[in-house]
2 protein chains.
Amino acid sequence: MNNFDIEDFTPYLLNRAAEQASLRFQAQYRDTYGMLRTEWRVLFHLGRFGEMTARSICDRAGTHKTKVSRAVAALERKRFLKRIPDDQDKRCETLQLTRAGKTTFYKLLAEAQRHDAALLASYSQDERALLRRFLLRVAEISRA
Amino acid sequence: MNNFDIEDFTPYLLNRAAEQASLRFQAQYRDTYGMLRTEWRVLFHLGRFGEMTARSICDRAGTHKTKVSRAVAALERKRFLKRIPDDQDKRCETLQLTRAGKTTFYKLLAEAQRHDAALLASYSQDERALLRRFLLRVAEISRA
DNA sequence: GAATATTGGTTGCTTTTGTAACTATCAAGC
DNA sequence: GCTTGATAGTTACAAAAGCAACCAATATTC
């Protein structure tokens, strides 16, 4: 028997931290817009990177295509995005935020920044950089 | 428009990191024992802290009681734990790992340590301490 | 250029989670 | 000691996620 504790198990800590951090922000998109997490992510991607295809969102966000598909459908019902058919490749459709979608995106973006700032408030620039590098690496968001 | 990117949003990074970190370890308990994450957590708590009540696991693990209830039922079916009725308070039952439960716990514990070591391999003691403090704090596992 | 494989995306079904209501027991107030 | 309120735990139902099969369009291969 050694003294390895559940709180020494990084995946456990990551899970609990992720849960808490998301939970608190969730109220922003859920209570006001009835949005699910994947919907918020899709909205963010479209708001941040402009129009793109569902496939690209899957790749960028590391999300399964069924989740994205349903999120897109939900956002469409909410009139937050519209689908533009692609003449070159009729399988694809380019997704584009509507005015309402953009408005919502900007509002949530501001909240997100506030939330993020609060989470990192007590850490120095160096520490933040370390945390970010660690999370990116574990998440295998290589970007390098 | 500012340059706040999705990868600057800590809850997002936390989620993806947590997903990846858990995913890779999941094979250990899922493929071999058909266990779910909550089952593994309950097993860990009982293995680490000895017999305890479902309620205590809920508190310690920050898990909802229905999830724990189902995990306990599943572990019982697998003959990894047994329930000891409490004579003082007939509502409670003390949960206790069986021999098979303990064996499995020790095997998974070793895997968990290996997995954790791999995750943190390239970080110094100071860096690890920072990461841990950060995650504990965000997860609101105060312990202080 | 017909047959096959691949890709973008959706749908249906199953498993898992979340929520609320419920049972049974215990504790407090009166 | 009876009513009211809390507490441990389960169960039933609804929401969400995961997985596999599917459709339609495009690439590839021969």
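Naming: A, B, ... by sequence-line order, numbering from 1 per chain.
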Exercise. Give the C-alpha distance, both sets of side-chain angles, the deciding distance and a yes or no for side-chain hydrogen bond (donor to acceptor under 3.5 Å, both in side chains) between A:D86 and A:T94.
Key: CA-CA 7 Å; A:D86 184 331; A:T94 306; 4.9 Å; no

Between atom [atom1] in [X] and atom [atom2] in [N], what is the gap in whole Å?
{"X": "A:Q26", "N": "C:dT19", "atom1": "CD", "atom2": "P", "value": "8 Å"}
{"X": "A:Q88", "N": "D:dA27", "atom1": "CD", "atom2": "C1'", "value": "16 Å"}
{"X": "B:K67", "N": "C:dT19", "atom1": "NZ", "atom2": "P", "value": "10 Å"}
{"X": "B:L23", "N": "D:dA17", "atom1": "CG", "atom2": "P", "value": "16 Å"}

Quiz item: Just wondering, do A:R55 and A:K65 contact through their side chains at under 4.5 Å, heavy atoms?
Solution: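 No, every pair of side-chain atoms sits at 4.5 Å or beyond.
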
Quiz prompt | Side-chain touch A:D8/B:R132, heavy atoms, less than 4.5 angstrom | solution =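 Touching, per the 4.5 Å side-chain cut-off.
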
Quiz item: Would you say D:dA24 has OP1 or OP2 under 4.0 Å from some side-chain N or O of A:K90?
Solution: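 It does not, given that no N or O in the side chain of A:K90 lies less than 4.0 Å from OP1 or OP2 of D:dA24.
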
Practice problem: Identify the heavy atoms of A:D116 and B:P11 that sit nearest to each other, and give their distance. | Solution: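 Residues A:D116 and B:P11, closest heavy atoms: OD1-CD, 3.9 Å.
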
Exercise. Measure across B:Y29 and B:L36 and return the closest heavy-atom pair with its distance rounded to 0.1 Å.
Key: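 In this case the closest contact between B:Y29 and B:L36 is CE1-C, 3.8 Å.
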
Quiz item: How about B:F25 and A:F9: are their ring centres within less than 6.0 Å of each other?
Solution: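 Centroid separation for B:F25 and A:F9: below 6.0 Å.
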
Exercise. Quick one, give me the B/S/- string for nucleotides 1-12 of chain D, reading 5' to 3', where B means a protein heavy atom under 4.0 Å from the base and S means that only happens at the primed atoms, P, OP1 or OP2.
Key: ------BSBBBB

Quiz item: Counting only non-hydrogen atoms, which of residues 31-45 of chain A are less than 4.0 Å from DNA chain C?
Solution: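 Per residue number, the list is empty: none.
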
Quiz item: Passes side-chain hydrogen bond (donor to acceptor under 3.5 Å, both in side chains), A:S122 versus B:R137? Steps please.
Solution: CA-CA 11 Å; A:S122 63; B:R137 228 183 72 169; 2.9 Å; yes

Quiz prompt | A:F49 six-ring centre to A:R60 NZ/CZ under 6.0 Å and within 45° of normal | solution =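 Flagged: A:R60 positioned over aromatic ring of A:F49.
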
